[in-house]
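Heads up: the structure comes next, in structure tokens.
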Amino acid sequence: MKNLLDFIIKYSSWFVFLFFAVMSCLLLFQSNPYQHSIYFTSANAVSSAVYGLFNNVTSYFHLRGINEDLQQRNAMLENEVVSLRNQINDYKMQMPDTNSVRPEYQNFDFVIAHVISNSISQPYNYITINRGRADGVLPEMGVVDQNGVVGIVNVVGEHSARIISLLNPNLRLSCKVKDSDFFGSLVWDCVSPQYAVLEELPRHVEFENGDTIITSGYSAVFPEGLIVGTIEGQMPTNDDNFYTLKIKLTTDFSRLSTVRAISNGMKEELDALEAADFGNGKKGGRK
Amino acid sequence: MSKQVLQFVMLFVGMLLAQVICNRICLFGVAVPLVFIYFIIRLPINLSVNWVMCLSFLLGLCVDIFGDTQGMNALAATILAAGRKPVSLLYFPREYDLGNPVPSIRSLGLSVYAKYMLTAVLLYCVAVFVIQAFSLRHIEITLLRILSSTLLTFLVLLGFDSIATTRREKRL
């Protein structure tokens with residue numbers, strides 16, 4: 001017994017080292033990003049308070065750029081309103097019952113939030129926002145800003161939440177080329193925060209460089225038609241049946257400020273349907 | 001003694017906040033200043049390795065929580081804490097006087113201290129970027145990140161030191 005104690009005391013630093021190494025490896029290799037405990041993420045009360053303080057100071061620095069983005073977006077939306085109004089008027093002339101002309105977004109609601117922490121230099125990036133469960137933010141809600149898709153909520157605290165950024169290879173987003181119905185899967189390749197890769201797009205899809213990539217709406221997370229990026233060019237691929245495209249993201253992740261979390265009124269219903277169809281074995285599928 | 005403990009508690013919190021700010025910095029898309037390891041470098045050299053590892057792990061864990069890096073910095077900081085003693089044995093003079101056990105320019109001289117700090121920073125950067133790269137294919141980017149981050153962190157830490165020393169000199 002004494003020898004054992006002597007042994008442990010003599011080599012105590014090795015035991016301490018192994019203990020801490022195992023602890024950090026446990027944290028490091030929790031593979032499913034949705035299982036992280038709130039206490040070990042930036043969405044916990046202390047760190048979100050600190051980030052909130054910093055954000056109070058730094059949020060003013062980007063206002064000019066954000067203002068310009070909003071002006072552009074506003075102009076675009078105004079154009080769209082005019083053209084849609086014209087279209088509805090046309091429909092009204094063609095058929096008296098306009099109930100069939102329904103807006104697509106009627107089941108989606110938005111929660112406005114400020115980004116208080118954001119990283120783009122890591123291989124797995126996360127964003128923290130200052131809205132949480134008390135404000136109606138729930139896990140697996142989609143998040144967008146004025147320029148395009150930002151990510152998906154994964155850990156939610158009382159007044160803060162952590163988002164898996166689009167700049168995180170754990171996130172795969174089902175996307176399609178605008179005005180076609182063929183979809184592929186968008187994923188970040190850990191290289192540049194301005195570009196991502198669209199994989200598994202069928203060979204026979206016709207597209208040109210500069211075409212817009214939008215969300216496909218094949219899940220309850222994002223509604224159809226949100227802008228993600230534009231096609232920059234083709235990338236080499238091993239698979240002859242599918243294209244791999246380089247996508248320039250429209251969202252500027254280096255200066256995120258105000259974002260919107262999208263809540264879907266029909267999500268529970270859709271999830272229940274999916275669970276009934278496929279069982280629970282379909283984890284890590286398209287978002 | 002308790003004054004020194006208080007100083008290190010303040011250094012701990014200060015370095016954590018400094019790292020939270022520095023997390024937003026990424027020069028040329030590769031160089032990240034990992035300033036919080038200044039705390040580990042400055043811990044008294046006669047402090048037991050177990051204590052150094054505990055404190056380093058704790059600080060690394062805090063940085064992980066703020067930066068959403070899930071144990072990466074905690075593991076790398078533990079490795080640095082374990083490797084600190086061998087690194088110090090490389091450079092420190094044999095007859096090192098334990099009157100002032102805190103490594104600094106004043107107690108060691110600039111060249112020994114700079115070599116010690118550079119080696120520690122390099123060790124940490126290698127550890128943290130190799131842990132990051134476990135799931136990355138791009139070895140050349142990893143090497144670039146290690147070298148540029150080591151250089152940037154080293155320069156920033158020397159800057160910290162010059163601030164600390166001038167304050168002390170003013171007091172004298």
Side-chain angles (χ1 to χ4, degrees), chain A residues 9 11-31 33 36-44 46-48 50-51 53-54 57-58 117-128 154-155 162-165 168-170 189-194 254-255, chain B residues 13 16-17 20-34 48-58 60-85 127-129 131-138 141-142 145 149:
Chain A
I9 290 168
Y11 294 102
S12 62
S13 49
W14 281 105
F15 288 112
V16 175
F17 177 75
L18 279 180
F19 173 72
F20 285 135
V22 169
M23 287 276 286
S24 23
C25 285
L26 278 182
L27 282 174
L28 198 56
F29 296 115
Q30 272 181 326
S31 54
H36 291 144
S37 154
I38 173 105
Y39 299 108
F40 289 116
T41 66
S42 59
N44 75 40
V46 178
S47 60
S48 61
V50 173
Y51 277 130
L53 274 179
F54 281 135
V57 180
T58 53
S117 150
N118 177 21
S119 74
I120 55 170
S121 56
Q122 308 281 339
Y124 293 87
N125 294 295
Y126 294 93
I127 298 162
T128 318
N154 94 314
V155 182
R162 188 178 74 163
I163 299 164
I164 306 183
S165 170
N168 187 325
N170 284 331
D189 56 355
C190 301
V191 179
S192 159
Q194 284 161 7
S254 57
R255 34 165 230 193
Chain B
V13 177
L16 181 58
L17 290 182
V20 169
I21 296 170
C22 286
N23 271 342
R24 304 189 174 201
I25 301 172
C26 186
L27 281 189
F28 312 116
V30 283
V32 187
L34 298 156
S48 118
V49 184
N50 293 353
W51 267 108
V52 177
M53 281 198 280
C54 287
L55 292 172
S56 307
F57 175 79
L58 205 64
L61 189 66
C62 290
V63 171
D64 277 333
I65 289 173
F66 274 94
D68 277 317
T69 39
Q70 294 143 24
M72 228 148 57
N73 287 303
L75 183 56
T78 314
I79 292 173
L80 171 62
R84 201 180 74 124
K85 193 88 180 172
V128 85
F129 287 109
I131 295 167
Q132 262 189 13
F134 253 104
S135 46
L136 270 176
R137 294 153 284 178
H138 313 284
I141 290 182
T142 307
R145 278 186 175 158
S149 299

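Order of the sequence lines fixes the chain letters, A, B, ..., with proteins taken first and strands second; residue numbering starts at 1 for each chain.
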Would you be so kind as to tabulate the donor-acceptor pairs closer than 3.5 Å made by side chains of residues 15-23 of chain A, with sequence neighbours excluded?
none

Under 4.5 Å from a heavy atom of chain A, the part of B:Ile79 involved
both

Choice from B:Ala82, B:Gly67, B:Cys54 maximising heavy atom contacts with chain A below 4.5 Å
B:Cys54

Which atom names give the shortest non-hydrogen contact between A:Ser24 and B:Ala74, and what distance separates them?
CB-CB, 3.9 Å

Please classify the contact of A:Thr128 with chain B as side chain, backbone, both or neither, using a heavy-atom distance under 4.5 Å.
side chain

Please report, to 0.1 Å, the donor-acceptor pairs under 3.5 Å made by any side chain of residues 27-34 of chain B, with sequence neighbours excluded.
none

Cut-off 4.5 Å, heavy atoms of chain B, and the answer for A:Ser119 is neither

Looking only at heavy atoms, what is the nearest atom pair of A:Ser12 and B:Asn50, with distance?
OG-ND2, 3.1 Å

A:Tyr51 (side chain) donor-acceptor with B:Phe66 (main chain) under 3.5 angstrom:
yes

